[in-house]
Protein chains: 2
Amino acid sequence: MGKERVSIYRIAEEAGVSPATVSRVLTGNANVSDEKRMRVEELIQKYDFRPNAMARGLSSTQSKIIGLLVPDIRNPFFAMMAVECERAASNKGYILLVSNSMSNMELEEYHLQKMFEQRVDALILMGGKVDELVSDEEYVEKMNQISDSIPVVITGKLDGSDCYQVNIDEAQATDRLMEYLISNGHRKICIMGGRKDVNSTYAKRIRYRSNLRKYGIPIQAEYIVETQGYSLECGYEAMNNLFDSNLELPSAVIAINDFTALGIVQSIRQHSYRIPEDISVVSFDNTFIADTCTPRLTSIGYNYDLFGDTLVETAISAIEGNNPPRLQLIPPELVIRESCRNIMQ
Amino acid sequence: MGKERVSIYRIAEEAGVSPATVSRVLTGNANVSDEKRMRVEELIQKYDFRPNAMARGLSSTQSKIIGLLVPDIRNPFFAMMAVECERAASNKGYILLVSNSMSNMELEEYHLQKMFEQRVDALILMGGKVDELVSDEEYVEKMNQISDSIPVVITGKLDGSDCYQVNIDEAQATDRLMEYLISNGHRKICIMGGRKDVNSTYAKRIRYRSNLRKYGIPIQAEYIVETQGYSLECGYEAMNNLFDSNLELPSAVIAINDFTALGIVQSIRQHSYRIPEDISVVSFDNTFIADTCTPRLTSIGYNYDLFGDTLVETAISAIEGNNPPRLQLIPPELVIRESCRNIMQ
DNA sequence: TATCTTGAAGAAATCGGTTTCGCCTATTAT
DNA sequence: ATAATAGGCGAAACCGATTTCTTCAAGATA
């Protein structure tokens, strides 16, 4: 057991060349005579030799690893992003190292440390402190410090930071959703879920208001519903509360994400209303949940493929010293399913 | 920009000690005088110094990385496992490197290569070829080869392999599910989804049969329904087919996993039957899907916490040269929700 | 008192690659 | 014909840690 580990030296010796030449064959960034190249390649084949990434990284001062920090990979949205980023990274010869912060500052810190120890070439940060509106001085400071040694790509706003931003176009997404609902005759529209101190939520509400204004629909404050989190339970409770109030029921509810939508749907059902006949429900994100629940949800998502590509390519571009754009927007994609009714018919 | 990277040498110089001493402070496996230790620790603090994992790994021939290969992290089951394994690995000072094979042999091979290049200390394999019943000679050979240089932990059977096995106790899970259904008066029970050449599915069917036999219920071959995959669509189609056949409808359907259950539920609804009043549906795995769909599904899952711990601890134990058990079973946990009715009342 | 341990710490080798430097040879330009 | 350039390749330095040797001093044992 434990076969002798073959190294570049072993290959060099057997091929009758210097280790440098083997390295040249490996990296491909120097000329080697066809004859020697062949001999080396044969031996590489024979021993199924793979260069030690640690040694390679150490000497080249490039780990070829990109770190991705997400709050929780069990959230389908982040799982999706992880898969897309992995694909994009692999295509460029990079490895993606994913860690979960579990929305916990200490764990986040821990994983950032570990990633730094691995000397990741770049960092992609999704969610976490970054997504909250208040740019905690300290946090910005920290990000800038990291950003000082490696490129950091974030998906959210962080005022005063040197990070590259790749954002979902929340504004456009909200516009589309509102236009769709309004063109289907809805005027009593509720936007439910999320905290206003979270950037993306804040942006959506701003846009929600401006759309109502644009179409001359009065804004009703009670139709903007705050929840503490973004879970099914939050949606469920919020909708229950709406039922319990004396408020006139909305004809359509916009859920802040698919999870929340799930809770809203449950609440509506329990109150013996039908979807979409009595109340329409639409949501943000369009994860697989929207496609697999009953009824299937009309939801506005993003081109996740493109999102992943953009994140990774921005990171790599920055690693290579090119100057990728500081801010990029990912356009939304509305997917119409069965949870919204045209109430004019 | 780009602060000077502090290394052990820099620390050593400023502290007036040798690099070896700094290393001793870092690893903690050798004695250093309190005085020098303090001086070094202060400087580590001052520069926020973190040792370069590549250099450390290279010299210690331990990467402190455990590789986890899953088919697709977007599947909540694997997302769950990834989170649990990451937690367990972090607790032991290891990093978890997750990759997705996307059930594609070439991609699987690619990622295995990459992990080898990183010199992961151990490998945890979930799903993939490993889960198929037919132990392809070549595949076993390959696994044994890997297993020859580092510990490999798999969650499935692979006859003739040297890998460590940590299996879900499918047999016991099926027993529990069947006992529950039968004690609720069900006798026309259908088990739906999955391919018989997949180990875990095979094991479930074996047990399905033996349970029926045990309770003196005749086995009806048509109630054992094969599907090509494990998706929602597969469940949906399979259940539609059942409706289309002249077969007497079962009073309960066991779905091979939560996704399939979702499809089965959709089909049943579309045929205007109610769950659980007309047909009961239960499933394997108990991912969050079972808890968030309508109606919430009675499902048998596993102690994922324990599962993750066991996988990682087995790997680490093997890394350290201890001799962990070759085969371990994770007991199931039945979670009763609203999708199954007692038909005797 | 002489000898044996044990603790502390530096020098230097090592891990396995990449990269710089310099040398030699074969073209190509002048 | 000669200088300039480029290709091929080995020697050796280097990346940043760990670890093995050694040395030396101090405390324990005979």
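Each chain gets a letter, A, B and so on, in the order the sequences are listed, and its residues count up from 1. Computed from heavy atoms alone, side chains included, the values below leave out hydrogens, waters and symmetry copies.
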Student: Side-chain N or O of B:Lys36 less than 4.0 angstrom from OP1 or OP2 on C:dA8?
Tutor: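 So the side-chain polar atoms of B:Lys36 never come under 4.0 Å of the phosphate oxygens OP1 or OP2 of C:dA8.
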Student: B:Ala55 or B:Val17: which one's nearest nucleotide on DNA chain C is closer to the 5' end?
Tutor: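 Checking each residue's closest nucleotide, the 5'-ward one belongs to B:Val17.
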Student: Rounded to whole angstroms, how far apart are CG on A:Asn52 and C1' on C:dG16?
Tutor: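 My rounded result for the distance is 6 Å.
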Student: Applying a 4.0 Å non-hydrogen cut-off, can you work out what B:Val22 is touching in the nucleic acid: base, sugar-phosphate, or nothing?
Tutor: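 The residue B:Val22 makes no contact with any strand.
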Student: On the nucleotide C:dT18, are OP1 or OP2 found under 4.0 Å from the side-chain N or O atoms that A:Ser60 carries?
Tutor: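 Checking A:Ser60 against C:dT18: no side-chain N or O falls below 4.0 Å of OP1 or OP2.
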Student: Nearest whole Å is fine: how far is C:dA8 P from B:Met38 CE?
Tutor: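 The answer, rounded to whole Å, is 15 Å.
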Student: Could you tell me the separation between the OH atom of A:Tyr9 and the P atom of C:dT14, rounded to a whole number of Å?
Tutor: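 A:Tyr9 atom OH is separated from C:dT14 atom P by 11 Å.
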Student: Give one of base, sugar-phosphate or nothing for B:Thr61, where a contact means two heavy atoms less than 4.0 Å apart.
Tutor: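 Answer is nothing: B:Thr61 stays at 4.0 Å or more from every strand.
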Student: Is there a side chain to side chain contact (heavy atoms under 4.5 Å, CB included) between B:Leu311 and B:Thr155? Walk through the geometry before answering.
Tutor: CA-CA 9 Å; B:Leu311 283 170; B:Thr155 62; 3.7 Å; yes
Student: Could you state the CG-C1' distance from A:Leu58 to C:dT14, rounded to the nearest angstrom?
Tutor: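 Computing the A:Leu58:CG to C:dT14:C1' distance gives 12 Å.
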Student: For B:Arg37 and C:dG7, what is the distance between atoms CZ and C1' respectively, to the nearest whole Å?
Tutor: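 Value for this atom pair: 13 Å.
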Student: Strictly distance-based, threshold 3.5 Å: is any side-chain N or O of A:Asn100 a donor or acceptor partner for the main-chain N or O of A:Met102?
Tutor: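 No; judged by distance alone, with no hydrogens or angles, the pair does not exist.
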Student: Distance-only criterion, 3.5 Å: show the donor-acceptor pairs between side-chain atoms of residues 19-26 of chain A and protein atoms not counting sequence neighbours.
Tutor:
unit_1, atom_1, unit_2, atom_2, d
A:Thr21, OG1, A:Ser18, OG, 3.3

Student: Name the first nucleotide and the last nucleotide along DNA chain D (5' to 3') that come under 4.0 Å of a heavy atom in chain B.
Tutor: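 Boundary nucleotides touching chain B, in 5' to 3' order, are D:dG16 to D:dT20.
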Student: Return the value, rounded to whole Å, for the distance between atom CD1 of B:Ile8 and atom C1' of C:dA12.
Tutor: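 Those two atoms, CD1 and C1', are 14 Å apart.
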Student: When the nearest nucleotide of DNA chain C is assigned to B:Arg119 and to B:Gly16 on a heavy-atom basis, which residue is associated with the more 5' position?
Tutor: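 Going by which nucleotide is closer to the 5' end, it is B:Gly16.
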Student: Round to a whole Å and report the spacing from CG of B:Asn31 to P of C:dA9.
Tutor: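 My rounded result for the distance is 9 Å.
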Student: So, A:Gln165 versus A:Arg326: side-chain donor-acceptor pair below 3.5 Å or not?
Tutor: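 Distance-only check fails for A:Gln165 and A:Arg326.
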Student: Do B:Arg119 and B:Phe116 meet the cation-pi criteria used here (NZ or CZ under 6.0 Å from the six-membered ring centre, within 45° of the axis)?
Tutor: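 Yes, B:Arg119 sits over the ring of B:Phe116.
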Student: With no hydrogens and no angle check, do the side chains of A:Gln118 and A:Ser63 hold a donor and an acceptor under 3.5 Å apart?
Tutor: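 No, no side-chain donor-acceptor contact under 3.5 Å.
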Student: Output the rounded distance in Å from CG (B:Asn29) to P (C:dA9).
Tutor: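 The answer, rounded to whole Å, is 15 Å.
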Student: Looking at C:dG17, C:dA11, C:dA8, which one has an atom nearest to any side-chain atom of B:Ser33?
Tutor: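 Output: C:dA8.
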Student: Walk me through it: do B:Tyr164 and B:Ile154 pass the test side chain to side chain contact (heavy atoms under 4.5 Å, CB included)?
Tutor: CA-CA 6 Å; B:Tyr164 296 91; B:Ile154 61 178; over 6 Å; no
